[in-house]
Protein chains: 2
Amino acid sequence: MNILSYGLLALVSRTEASGYDLMLKIQPFWQAKHSQIYPLLGSMEEQGLLSAKWIQQADKPDKKLYSITPAGTDKLHEWLLEETAPPVMRDEFNLKCFCIHLAEPSEVRRMFAGRRKYHVERMKYYKDIQDAIPQEYRNPGHIGFEDYILLQKAVMRTKASIDWIDWVEQEYGQWTAEA
Amino acid sequence: MNILSYGLLALVSRTEASGYDLMLKIQPFWQAKHSQIYPLLGSMEEQGLLSAKWIQQADKPDKKLYSITPAGTDKLHEWLLEETAPPVMRDEFNLKCFCIHLAEPSEVRRMFAGRRKYHVERMKYYKDIQDAIPQEYRNPGHIGFEDYILLQKAVMRTKASIDWIDWVEQEYGQWTAEA
DNA sequence: ACATTCATGTAATAGGTTACATGATTTC
DNA sequence: GAAATCATGTAACCTATTACATGAATGT
């Protein structure tokens, strides 16, 4: 049981879902491809943490719907109370910052402008999903609360990244004024 | 040449360094163990991007100092102008948020308090390193500028995480008032 | 006609962590 | 006496990405 497995189990604890559903839902918070997810679901089924049934669909491929078992719920609850692993962040942009001394000011500016655009797009992506959550689901009584606060985190951290870029452009501009 | 290799090359472009030095320097921005770093340095040496010499040290083990070659500098500069990969963030805490409905309010509060403490400690860690950079190195003329802005990013994003936790505690508290 | 969405799976490869291996010096 | 720091390296294992494989329905 690795971290991703627990994340999938957590999503299934909310509503039954297919591997495909889970891939889409976990995407904004943990990048994982279907090729990683399907085997994990299979092994959790074997361990009795999940149960599955095939659903026939007209006009769409059949899907395997997973539900959490009582054993799965117990396991999830144990995990919640355990120490949480520190977050891992890997951003190529940070490493590029180690050698901005090699680039000309115009190149540096283009680099930062490009990353700013990326973050602005991300911000819109998160806000659009968040805005789609109805007001009445945004309190702890609903599972929508969980999505709502997670998206808020993404929004706030993304805003910090944009603010940082603006701050750098100011600091950098002071020393390398140019049109 | 993967992303980490470029990051190491970028660090060496600033000052010659040993694998051990590089492991420590890259740590706050890209988690990598020495077992991953040493082979990458070896392969970059083989490719002619780095050159190395052994330094004998009294009272400390000998070390292998790497310097960047002209070919290495060219390669780095090319990399700088290429598309930057999107950042990858994996935080177990986010996945735990998917099932806070399973926990009691006291458990949820403990969870958030624990993560808050973690971020506050990280904040101090980043600020201490940043504060150690002399004022006169904090402008684009010095390589210290690169460290200075990167630490500022870490500080700003960490602050966003703490602010988010405070915001969640407020939102959560409104609905589950308790002493 | 071509791309995308839905839907599942396996195989091969690359990236990253833990463990094994060694060993002197310094700090608690 | 035990732990940490400095310093390098390899082996085994786990995690994650890319590629292979299939196929109907819908949208451009």
Side-chain angles (χ1 to χ4, degrees), chain A residues 1-9 11-12 16-47 50 52-66 83 85-92 94-95, chain B residues 1-9 11-12 16-47 50 52-66 83 85-92 94-95:
Chain A
M1 285 292 290
N2 55 23
I3 296 176
L4 176 56
S5 297
Y6 280 110
L8 296 168
L9 198 56
L11 283 174
V12 177
E16 50 178 21
S18 67
Y20 191 81
D21 292 336
L22 294 166
M23 176 195 60
L24 294 176
K25 280 190 196 165
I26 210 161
Q27 211 58 255
F29 308 105
W30 195 283
Q31 293 71 49
K33 308 294 156 90
H34 70 274
S35 53
Q36 198 182 1
I37 290 172
Y38 290 127
L40 293 178
L41 291 171
S43 104
M44 284 192 282
E45 192 189 351
E46 270 179 49
Q47 287 169 62
L50 291 177
K53 57 180 171 197
W54 279 93
I55 304 292
Q56 252 112 58
Q57 294 185 118
D59 76 344
K60 278 186 196 174
D62 296 353
K63 64 177 171 180
K64 199 176 175 183
L65 262 195
Y66 288 94
E83 269 288 303
V88 174
M89 168 68 153
R90 286 186 231 263
D91 190 347
E92 186 176 32
N94 291 352
L95 304 186
Chain B
M1 284 293 288
N2 55 22
I3 296 176
L4 176 56
S5 297
Y6 281 109
L8 296 167
L9 198 57
L11 282 173
V12 177
E16 51 178 20
S18 66
Y20 191 81
D21 293 335
L22 293 167
M23 177 195 57
L24 295 177
K25 280 190 198 165
I26 209 162
Q27 211 57 255
F29 308 104
W30 195 283
Q31 293 72 51
K33 308 295 155 85
H34 70 275
S35 53
Q36 197 183 1
I37 291 172
Y38 289 128
L40 293 178
L41 291 171
S43 104
M44 284 192 283
E45 191 188 354
E46 269 178 52
Q47 287 168 61
L50 291 176
K53 57 182 170 194
W54 279 93
I55 303 292
Q56 252 111 59
Q57 293 185 119
D59 75 345
K60 277 185 195 174
D62 296 355
K63 64 177 172 182
K64 198 176 174 182
L65 264 195
Y66 288 94
E83 267 290 301
V88 174
M89 168 70 153
R90 284 185 232 263
D91 189 347
E92 185 176 32
N94 291 351
L95 304 186

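First the proteins, then the strands, lettered A, B, ... as listed; each starts at 1.
The nucleotide whose nearest atom lies closest to any side-chain atom of B/D21 is, among D/dT8, D/dA16, D/dA7, D/dA7. Listed nucleotides C/dA7, D/dA16, C/dG16 differ in distance to A/R90; the shortest reach to its side chain belongs to C/dG16. Of the listed nucleotides (C/dG16, C/dG9, C/dA7), C/dA7 has the atom at the smallest distance from the side chain of A/Y20.
Proximity of B/S5 to B/M44: side-chain heavy atoms (C-beta onward) are separated by under 4.5 Å at one or more points. Between A/K53 and A/I55 the shortest side-chain heavy-atom distance falls below 4.5 Å.
Look at CD1 on B/I37: it is 14 Å from P on C/dT18, rounded to the nearest Å. Regarding B/Q27, its CD atom lies at a distance of 13 Å from the P atom of D/dC6, rounded to whole Å. Here the C1' atom of nucleotide D/dT5 and the CG atom of B/L24 are 10 Å apart, to the nearest Å. Rounded to whole Å, the distance from CG on A/L8 to P on C/dT8 is 13 Å. In this entry the distance linking CG of A/L22 with C1' of C/dT8 reads 13 Å, nearest Å. Distance CD (A/Q56) to C1' (C/dT8): 14 Å, rounded to an integer number of Å. Atom CG of B/L40 is separated from atom P of C/dG16 by 9 Å (rounded to the nearest Å). Atom pair A/I26:CD1 and D/dA16:P shows a separation of 10 Å (rounding to whole Å applied).
At least one donor-acceptor pair closer than 3.5 Å links the side chain of A/Q47 to the backbone N or O of A/S43. Within the 3.5 Å criterion, the main-chain N or O of B/A85 finds a donor-acceptor partner in the side chain of A/E92. A donor-acceptor pair under 3.5 Å is formed between the side chain of B/R90 and the backbone N or O of A/Q31. Using modelled atom types, one side-chain atom of A/Q57 and one backbone atom of A/P61 make a donor-acceptor pair closer than 3.5 Å.
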Restricting both atoms to N or O, compile the protein contacts to nucleotides 18-25 of chain D shorter than 3.5 Å, with distance only.
| from | atom 1 | to | atom 2 | distance (Å) |
| --- | --- | --- | --- | --- |
| D/dT18 | OP2 | A/K33 | NZ | 3.2 |
| D/dT18 | O4 | A/S35 | OG | 2.6 |

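Nearest-nucleotide mapping onto DNA chain D: of A/N2 and B/G19, the residue sitting toward the 5' end is B/G19.
Put simply, B/Q57 has a side-chain N or O that comes within less than 4.0 Å of OP1 or OP2 on D/dA7. The phosphate of D/dA16 (OP1 or OP2) has no side-chain N or O of A/Q31 nearer than 4.0 angstrom.
We find that B/E16 and B/K64 are not joined by a salt bridge, their nearest charged nitrogen and carboxylate oxygen being 4.0 Å or further apart.
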